[in-house]
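The structure appears right after this line, and notes come after that.
Source: prediction; values computed, not measured.
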Amino acid sequence: KNDLKVLNNQLFFEHQAIWAYGFAAGKLTSTEVGKAVLGVALANQADHKKHRDLLAMQVRRLGGTPVQAEMSYDVSSYLQKGEGNLDSDVNIAKLALALEVDAAIAYTSEIAMLKTPEFVMSGATIGSNEAAHATAIRAAFNALGVKVPIVPAAFVNAENRSLWILKV
């Protein structure tokens with residue numbers, strides 16, 4: 001029962017990530033920057049779809065019903081904190097970065113609550129992939145001429161979250 005709840009919580013956030021990338025992709029321009037951001041976004045979204053499929057399968061294996069995707073998700077708290085926006089390609093990338101950093105941090109907390117070793121392992125690999133997404137976004141900023149450390153800290157956690165985020 002515990003693992004079912006945790007897995008469905010993780011699945012909720014995968015649905016949110018898939019939605020966020022799809023929603024934001026429609027707001028990107030056809031400039032070189034927009035195309036670069038879209039390339040990273042589509043690759044990250046493809047990973048999130050794989051995460052979703054694995055988590056849904058694990059929920060079903062436990063006899064549960066996978067949480068369904070919502071029509072939309074609220075990202076206003078990120079916008080209010082200046083951790084991205086939907087008004088430019090660069091700010092959309094910053095929003096994606098904040099979401100990926102939070103996903104990496106959340107997986108660390110979530111997997112600590114799991115009881116089944118198989119689920120711990122899959123959660124750990126998904127969490128590390130979320131950190132890789134954040135790193136890929138930061139690398140894209142460098143490729144576009146915005147010089148930031150690609151990996152700004154040895155850990156992705158709540159204590160150093162601000163080092164990973166790029167403000168608007």
Side chains of [X] and [Y]: closer than 4.5 Å at any heavy-atom pair?
X: L62; Y: F119; answer: yes
X: L54; Y: I126; answer: yes
X: E100; Y: W164; answer: no
X: V148; Y: N142; answer: yes
X: K94; Y: N85; answer: no

(Q) Under a plain distance cut-off of 3.5 Å, with no hydrogens placed, do H133 and N129 share a side-chain donor-acceptor pair? (A)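 There is such a pair between these side chains.
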
Q.
Which heavy atom of I137 sits nearest to which heavy atom of A93, and what is that distance?
A.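 Between these two residues, the closest heavy atoms are CG2-O, 3.7 Å.
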
Q. A24 and L86: which non-hydrogen atoms are nearest, and at how many Å?
A.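 Taking A24 first and L86 second, the nearest heavy atoms are CB-CD2, 4.4 Å.
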
[atom1] of [X]: more than 12 outside heavy atoms within 6.0 angstrom?
X: M121; atom1: CE; answer: no
X: K5; atom1: NZ; answer: no
X: K50; atom1: NZ; answer: no

Q.
Once salt bridge (Lys or Arg N to Asp or Glu O under 4.0 Å) is applied, do any residues pair with K35, and if so which ones, sequence neighbours excluded?
A.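 Not a single residue meets the salt bridge (Lys or Arg N to Asp or Glu O under 4.0 Å) criterion with K35.
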
Q: Report the relative orientation of the aromatic rings in H48 and H51; use parallel for angles under 30°, tilted for 30 to 60°, perpendicular for over 60°.
A: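 Rings of H48 and H51: perpendicular, over 60°.
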
Q. In a check of side chain to side chain contact (heavy atoms under 4.5 Å, CB included) between L7 and each of Q58, R60, M57, which one passes?
A.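 Per the side chain to side chain contact (heavy atoms under 4.5 Å, CB included) rule, the option paired with L7 is Q58, out of Q58, R60, M57.
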
Q: Mind checking side-chain contact (heavy atoms from CB on, under 4.5 Å) for A98 and listing every partner two or more places apart, or none if nothing turns up?
A: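 side-chain contact (heavy atoms from CB on, under 4.5 Å) check on A98 returns Y78, E83, R161, I165.
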
